[in-house]
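In what follows, chains carry the letters A, B, and so on, assigned in the order in which the sequence lines appear, proteins first and then strands, with residues in each chain numbered from 1.
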2 protein chains.
Amino acid sequence: MEKSANMLRKFDVKPSFQRIKIFDYLLNNRIHPTADTIYRDLVKEIPTLSLTTVYNTLKLFEKNNLLISIKISENEQRFDVDTSNHAHFYCKTCKEVYDIPTESAICTKTVEQYGGKIDEIHIYIKGKCNKCQEGE
Amino acid sequence: MEKSANMLRKFDVKPSFQRIKIFDYLLNNRIHPTADTIYRDLVKEIPTLSLTTVYNTLKLFEKNNLLISIKISENEQRFDVDTSNHAHFYCKTCKEVYDIPTESAICTKTVEQYGGKIDEIHIYIKGKCNKCQEGE
DNA sequence: CTTTGTGCAAATTCTTTGCACCAAA
DNA sequence: TTTGGTGCAAAGAATTTGCACAAAG
C-alpha cells in the first residue's frame with residue numbers, strides 16, 4: 001500500500017484510496033488486465049467502487065507514465081505497469097497476454113530517416129502459447 | 001476491375017460487384033482506411049451500398065488472407081491489402097498510418113523457445129510524422 | 001470554502017447480428 | 001429452387017461524458 005502511494009506521488013498522482021488500490025492491484029497482478037477485470041476483482045473488496053473510477057484512474061496513470069495501454073486482444077484495452085521495453089504475445093486460444101523480452105531498436109531508423117519522432121513502439125505477436133499447443 | 005476479380009477468385013472469394021469494388025478501392029487507396037472511410041467513398045459511386053456489406057466483405061477478405069487488419073489508431077480497425085512483412089507508423093497529429101519497411105524476425109525466438117506458435121506479428125510505432133514536425 | 005475525486009446513468013462509437021429480400025447458378 | 005450476397009434496423013460491447021455528491025486541504 002505505502003509503496004504504491006509513494007510511486008503515485010513520484011509520478012504526480014495524488015494517492016487516493018481507490019488509486020492506491022488500483023495501482024496495487026496492477027503491481028500484484030501482472031496479467032495485463034482490462035478495466036473490467038480490475039473492477040470485478042476490486043469491487044469484492046471495495047463494494048462502492050465504480051467502473052468509471054477504474055477507467056478514470058487508468059487514464060490518469062497512463063497520462064502520467066505509470067502504465068502503458070495495450071491493444072492486442074479483440075476489442076479491449078489492457079494495461080501493463082511494466083513500462084520498460086518489451087513485446088507482447090497474445091494466445092488466441094486461452095486469450096492470455098504474455099510479456100516477451102526484446103531488444104527492440106527495430107526499424108526506428110526508417111522512421112527517423114524521414115524526420116518522424118517516435119513516442120511508442122508496440123510489438124504484438126499473436127498465435128498459440130505452449131500450454132495450448134500441448135492440449136492438442 | 002478484372003485484376004481485382006481474378007485476385008478474389010485466387011483467394012476463393014466469389015467476385016461479386018461490391019466485393020470487386022471494395023477490393024479495387026483497397027488496391028488503389030493505400031491509406032489503411034477504416035470500414036467507414038471505404039463506405040463513405042464508395043457510396044458516392046454505389047448509392048445502394050451498405051456499411052454492413054463493407055464490414056462483411058472486409059471480414060471475409062481477412063479470413064481469406066486478402067488483407068490484414070490493423071489496430072494502431074484509437075478505437076478503430078484499419079485495413080491493409082499489403083500482407084507482406086512490414087511495420088506501421090501512426091502519426092498522432094495527422095492520424096495517418098504509414099508503412100515502414102522492416103526485417104522482422106524479432107523476438108520470435110523467445111516465443112518459439114517456450115513452444116508457442118506464431119501466427120501474426122504486428123509492429124506499431126506511434127509518434128509524429130515528418131510533415132507534422134515541420135509545422136512547428 | 002474551494003478544489004478535486006468518485007460514481008451513477010446516459011451517451012457515444014465501432015462493430016456485429018437477425019432477418020428479409022434479391023440475385024446467381 | 002437452392003444457395004449465398006446484400007442491406008436495413010436493432011443489438012452489443014467497450015469506453016466516455018455530464019452531472020451531482022462527497023472528500024480533502
Side-chain angles (χ1 to χ4, degrees), chain A residues 4-5 8-9 11-25 32-64 66-80 90 95 97, chain B residues 4-5 8-9 11-25 32-64 66-80 90 95 97:
Chain A
S4 293
L8 297 187
R9 282 189 203 97
F11 283 79
D12 292 317
V13 171
K14 278 189 193 163
S16 76
F17 178 72
Q18 286 86 337
R19 288 172 182 172
I20 293 169
K21 282 300 195 180
I22 292 169
F23 195 69
D24 239 35
Y25 179 89
H32 314 92
T34 63
D36 200 59
T37 303
I38 299 168
Y39 170 73
R40 283 174 193 281
D41 281 351
L42 283 181
V43 80
K44 293 170 193 161
E45 197 184 332
I46 313 159
T48 55
L49 185 67
S50 80
L51 184 53
T52 305
T53 297
V54 176
Y55 273 111
N56 287 340
T57 302
L58 291 169
K59 205 172 194 179
L60 178 69
F61 285 179
E62 189 183 6
K63 186 164 70 76
N64 289 36
L66 278 157
L67 54 73
I68 55 168
S69 147
I70 60 187
K71 282 236 191 68
I72 193 171
S73 48
E74 298 318 303
N75 295 307
E76 65 203 4
Q77 234 180 320
R78 287 163 177 255
F79 300 90
D80 190 350
Y90 175 64
K95 318 290 188 195
V97 174
Chain B
S4 292
L8 296 187
R9 281 188 204 96
F11 283 78
D12 293 317
V13 171
K14 278 190 195 164
S16 76
F17 178 72
Q18 286 87 335
R19 288 171 180 174
I20 293 169
K21 282 296 192 180
I22 293 169
F23 195 70
D24 240 34
Y25 179 90
H32 313 89
T34 62
D36 199 59
T37 304
I38 298 167
Y39 170 72
R40 282 174 194 282
D41 281 350
L42 284 181
V43 80
K44 294 169 192 163
E45 199 185 329
I46 313 156
T48 56
L49 185 67
S50 80
L51 184 53
T52 304
T53 298
V54 175
Y55 273 110
N56 287 339
T57 303
L58 291 169
K59 204 170 193 179
L60 178 69
F61 285 179
E62 190 183 6
K63 186 165 68 81
N64 289 36
L66 277 156
L67 54 74
I68 54 167
S69 148
I70 60 188
K71 283 236 190 67
I72 192 172
S73 48
E74 298 318 303
N75 296 306
E76 63 202 8
Q77 230 180 322
R78 288 163 177 256
F79 300 90
D80 189 351
Y90 174 64
K95 318 291 188 194
V97 174

Compare side-chain N and O positions of B:Tyr55 against OP1 and OP2 of C:dT15 and report whether any pair is under 4.0 Å apart.
->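 Affirmative; the distance criterion is met.
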Atom [atom1] of [X] and atom [atom2] of [N]: how far apart are they, to the nearest Å?
X: B:Leu58; N: C:dT15; atom1: CG; atom2: P; answer: 10 Å
X: A:Ile22; N: C:dT6; atom1: CD1; atom2: C1'; answer: 10 Å
X: B:Ile38; N: C:dC14; atom1: CD1; atom2: C1'; answer: 14 Å
X: B:Glu62; N: C:dT15; atom1: CD; atom2: P; answer: 11 Å
X: A:Lys63; N: D:dT16; atom1: NZ; atom2: C1'; answer: 16 Å
X: A:Ile20; N: C:dT6; atom1: CD1; atom2: C1'; answer: 15 Å
X: A:Asn64; N: C:dG5; atom1: CG; atom2: P; answer: 11 Å

Would a distance-only check, ignoring hydrogens and angles, find a side-chain to backbone donor-acceptor pair under 3.5 Å from B:Lys95 to B:Glu74?
->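 No.
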Does A:Thr57 reach the main-chain N or O of A:Thr53 with its side chain, forming a donor-acceptor pair under 3.5 Å?
->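 Yes; at least one donor-acceptor contact below 3.5 Å.
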Just compare D:dC8, D:dT15, C:dC8 and give me whichever is closest to any side-chain atom of A:Leu51.
->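 Minimum distance to the A:Leu51 side chain belongs to D:dT15.
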So do B:Leu67 and B:Asp80 actually touch side chain to side chain, heavy atoms under 4.5 Å?
->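 When only atoms from C-beta onward are counted, B:Leu67 and B:Asp80 do not touch, as no gap falls below 4.5 Å.
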CZ of A:Arg9: more than 12 outside heavy atoms within 6.0 angstrom?
->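 Result for CZ/A:Arg9: enclosed.
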Any ring-ring contact (aromatic ring centres under 6.0 Å, His included) pairs touching residues 41-63 of chain B, not counting sequence neighbours?
->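 Residue pairs passing ring-ring contact (aromatic ring centres under 6.0 Å, His included), neighbours aside: B:Phe23-B:Phe61.
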Taking only heavy atoms on the protein side, list every residue of residues 69-80 of chain A lying under 4.0 Å from any atom of DNA chain D, sorted numerically.
->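 Within residues 69-80 of chain A, the residues near DNA chain D are A:Asn75, A:Glu76, A:Gln77.
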A:Ser69-A:Arg78 side chain donor-acceptor pair, cut-off 3.5 Å =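 No.
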Using a cutoff of under 3.5 Å, can you pull out all pairs of nitrogen or oxygen atoms linking the protein to nucleotides 4-6 of chain D, with atom names and distances?
{"unit_1": "D:dG5", "atom_1": "OP1", "unit_2": "B:Arg19", "atom_2": "NH1", "d": "3.0"}
{"unit_1": "D:dG5", "atom_1": "OP1", "unit_2": "B:Arg19", "atom_2": "NH2", "d": "3.1"}
{"unit_1": "D:dG5", "atom_1": "O5'", "unit_2": "B:Arg19", "atom_2": "NH2", "d": "3.3"}
{"unit_1": "D:dT6", "atom_1": "OP1", "unit_2": "B:Ser16", "atom_2": "OG", "d": "2.5"}
{"unit_1": "D:dT6", "atom_1": "OP1", "unit_2": "B:Gln18", "atom_2": "OE1", "d": "2.9"}
{"unit_1": "D:dT6", "atom_1": "O3'", "unit_2": "B:Gln18", "atom_2": "NE2", "d": "3.1"}

What do the steps show when you test B:Leu60 against B:Arg19 for side chain to side chain contact (heavy atoms under 4.5 Å, CB included), and what is the final call?
-> CA-CA 10 Å; B:Leu60 178 69; B:Arg19 288 171 180 174; 3.4 Å; yes
Show your reasoning for whether side chain to side chain contact (heavy atoms under 4.5 Å, CB included) applies to A:Ile68 and A:Phe79.
-> CA-CA 6 Å; A:Ile68 55 168; A:Phe79 300 90; over 6 Å; no
Run the numbers on A:Lys71 and B:Asn75 for side chain to side chain contact (heavy atoms under 4.5 Å, CB included), then give the verdict.
-> CA-CA 9 Å; A:Lys71 282 236 191 68; B:Asn75 296 306; 4.2 Å; yes
